[in-house]
Protein chains: 2
Amino acid sequence: MEDKYAGLKLGNQLCFPLYACSREIVKKYKPFLDELDLTYTQYITMMVLWERKQMNVKELGECLYLDSGTLTPLLKKLESKGWVTRKRAKEDERVLIVTLTKEGEMLRDKAVSIPEKMSCCVKLSPEEGKTLYTLLYKMLGND
Amino acid sequence: MEDKYAGLKLGNQLCFPLYACSREIVKKYKPFLDELDLTYTQYITMMVLWERKQMNVKELGECLYLDSGTLTPLLKKLESKGWVTRKRAKEDERVLIVTLTKEGEMLRDKAVSIPEKMSCCVKLSPEEGKTLYTLLYKMLGND
DNA sequence: CGCAATTACATTGCGCACAATTCTTTATGA
DNA sequence: TCATAAAGAATTGTGCGCAATGTAATTGCG
């Protein structure tokens, strides 16, 4: 006999392992990020700024899939730590420009060892990691 | 010339699409869950209880990868909505037993359509979904 | 030009997550 | 036995996430 509730089983969900996996991995970053006084969200924000040096809040939000409700307080914290500056654009006062400071740039050298340290924690082969990566971005697909 | 910071690029992280994807999908559940007055975390908690009917907090935490700091207030909310009861075990007063109520069981019939509704939102083929599922559980691997 | 609509960010409020600590109850071992 | 350790939840405090709302600046349209 068919189980009309089969679709509701936790083991039949795709979303749940995604949700659980995401949190478990972020947790593994914590000891390394603690050394730099960064949370995971602050870390990926810095990651974007290390690549671009200067961005506004909207652009940051698009990169990170986060809105101003999350970014505004987070960026204020990064500013209070001296790693970024927050300044309105002269051409358009609505826009807030976030700029990496010298200290923020220097943090990059301390962070550079984190990805290698983390790679040991991942229990997938390089090919599996690549497959996972591709599927996740496909799922995320901006359409 | 080599980029010594290549490992720090957001696009080279496996964790980031995992983190972003998880949140994006949970967001897609929201309109459906709103109709049942459930959050996503409450939903997966109910999902476990629909299968087991009765569990203690520790067991729930193991299923969901959550601790009492998250579950205690969440379960109190589910209790206040009348979907579960919370009661200490007689044999061991340390253990709190969470039991599905009749109303909680009835909610299952309303929730049963959610998985099908959600499947439309996923931009992966069934095989891709299965591959993703397998890789995520492998990554989550309880060792 | 004048004003409504839009844009960009900030604020508020709620619900997680999670580390750290506390509290109560149960198990253990000298 | 009884002190000590361990187990299971609850509590506390911090930091997201995000929907909803607010505010100020800019755009677009008649």
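Just so it is clear, the structure is predicted and the values come from calculations on it, not from any experiment. First the proteins, then the strands, lettered A, B, ... as listed; each starts at 1.
- Note on Glu24(A): nothing from the nucleic acid sits closer than 4.0 angstrom, heavy atoms only.
- In this model, a side-chain donor or acceptor of Arg94(A) finds a partner on the base of dT7(C) within 3.5 Å.
- Salt bridge annotation for Arg52(A)-Glu59(A): present, with a cationic side-chain nitrogen under 4.0 angstrom from a carboxylate oxygen.
- By the 30° and 60° cut-offs, the orientation of the rings of Tyr19(B) relative to Tyr40(A) is perpendicular.
- Here the nucleotide nearest the side chain of Glu93(A), chosen from dA9(D), dC16(D), dT26(D), is dT26(D).
- Side-chain N/O atoms of Arg23(A) include none lying less than 4.0 angstrom from OP1 or OP2 on dA19(C).
- Ion pair Arg86(B)/Glu79(B) flagged as a salt bridge, since at least one NZ, NE, NH1 or NH2 atom sits closer than 4.0 Å to an Asp/Glu carboxylate oxygen.
- The side chain of Lys30(A) has dA19(C) as its nearest neighbour among dG15(C), dA19(C), dA10(D).
- Between Leu60(A) atom CG and dC9(C) atom P there is a gap of 9 Å when expressed in whole angstrom units.
- Put simply, Thr39(A) has a side-chain N or O that comes within less than 4.0 Å of OP1 or OP2 on dC16(D).
- Comment: Lys77(B) does not engage Asp37(B) in a salt bridge, judged by the lack of any side-chain N to carboxylate O separation of less than 4.0 angstrom.
- In this structure Lys81(B) satisfies the side-chain hydrogen bond (donor to acceptor under 3.5 Å, both in side chains) test together with Gln42(B), sequence neighbours excluded.
- Protein atom NZ of Lys87(B) is 17 Å distant from nucleotide atom C1' of dA9(D), rounded to whole Å.
- Of the candidate nucleotides dA19(C), dC16(D), dC18(D), dC18(D) has the atom nearest to the side chain of Lys27(B).
- Counting non-hydrogen atoms under 4.0 angstrom, Leu71(B) reaches nothing in the nucleic acid.
- Separating the OH atom of Tyr29(B) from the C1' atom of dG17(D) is a distance of 18 Å, rounded to the nearest angstrom.
- Ion pair Lys130(B)/Glu127(B) not flagged as a salt bridge, since none of the NZ, NE, NH1 or NH2 atoms sits closer than 4.0 Å to an Asp/Glu carboxylate oxygen.
- Nearest-nucleotide positions on DNA chain D for Glu91(A) and Tyr40(A) put Tyr40(A) closer to the 5' end.
- Ring planes of Tyr43(A) and Trp50(A): perpendicular class, angle over 60° (limits at 30 and 60°).
- Atom CZ of Phe16(A) is separated from atom P of dC16(C) by 15 Å (rounded to the nearest Å).
- Atoms CG (Leu74(A)) and P (dG17(D)) sit 9 Å apart, rounded to a whole Å.
- For Leu136(B) against Cys21(A), the heavy-atom pair with the smallest separation is O-SG, 3.6 Å.
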Might you list the N or O atoms of the protein lying below 3.5 Å from N or O atoms in nucleotides 11-13 of chain D, with each pair's distance?
| from | atom 1 | to | atom 2 | distance (Å) |
| --- | --- | --- | --- | --- |
| dT11(D) | OP2 | Lys76(B) | NZ | 2.8 |

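- Close to dT14(D), at under 4.0 Å from its OP1 or OP2, lies no side-chain N or O of Lys77(A).
- Taking atom CG of Asp34(B) as the reference point, atom P of dG15(C) lies 12 Å away to the nearest angstrom.
- Judged by closest nucleotide on DNA chain C, Arg86(A) is the one of Arg86(A) and Tyr19(A) placed further toward the 5' end.
- Of the two residues contacting DNA chain C, namely Leu66(B) and Asn56(A), the nearest-nucleotide position lying further toward the 5' end is that of Asn56(A).
- Atom P of nucleotide dA9(D) and atom CG of Leu64(B) are separated by 13 Å, given to the nearest angstrom.
- One can place CG of Leu96(B) at 16 Å from C1' of dT26(C), the figure rounded to the nearest angstrom.
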